[in-house]
Amino acid sequence: MRDALWFCDMTTSPDGEPVSYTERLAELRIRRGPDDPVVRALAVNGAERAAAVHRTEQLLRRTETRAGNRM
């Protein structure tokens, strides 16, 4: 569940548009600034969040592949 929530948070812009993890991270840093608690937390657990995004992307790809094989 956490991976999916982090995936949604870290791949959606403030306007609701899809973005890459890298784009979202850069946007947060620019918009909030280096002293913001969110930016500081991402400095601590950014690698863990990136891994969560990667795992969720893999799961989504596997699900899409399985769905395509059923058709």
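If you're wondering where the values come from, they're calculated on a predicted model, not measured in any experiment.
- Both Val38 and Met10 are assigned to one and the same hydrophobic cluster, defined by single-linkage of ILVMFWY side chains at heavy-atom distances under 4.5 Å.
- Between Leu25 and Arg29 there is a side-chain heavy-atom pair separated by less than 4.5 Å.
- Residue Asp3 holds its CG atom at 11.0 Å from CD of Glu57, rounded to the nearest 0.5 Å.
- With sequence neighbours excluded, the residues forming a salt bridge (charged side-chain N to carboxylate O under 4.0 Å, His left out) with Arg24 are Asp9, Glu27, listed by chain and number.
- Of the inter-residue distances, the one linking Arg55 atom CZ with Arg2 atom CZ reads 6.5 Å to the nearest 0.5 angstrom.
- Hydrophobic clustering of Ile, Leu, Val, Met, Phe, Trp and Tyr side chains at less than 4.5 Å, counting indirect connections, unites Val53 with Leu60.
- A distance of 10.0 Å separates CG in Leu59 from CD in Glu64, rounded to the nearest 0.5 Å.
- Asn45 is listed as a side-chain neighbour of Trp6, based on a closest heavy-atom distance under 4.5 Å.
- The stretch residues 10-22 participates, sequence neighbours left out, in these side-chain hydrogen bond (donor to acceptor under 3.5 Å, both in side chains) pairs: Ser20-Glu23.
- Each of Arg61, Arg62, His54 was scored for a side-chain hydrogen bond (donor to acceptor under 3.5 Å, both in side chains) with Gln58, with one residue passing: His54.
- Within the 4.5 Å cutoff, no side-chain heavy atoms of Arg31 are placed close to those of Asp36.
- Leu28 and Val39 get closest at one heavy-atom pair: O-CG2, 3.7 Å.
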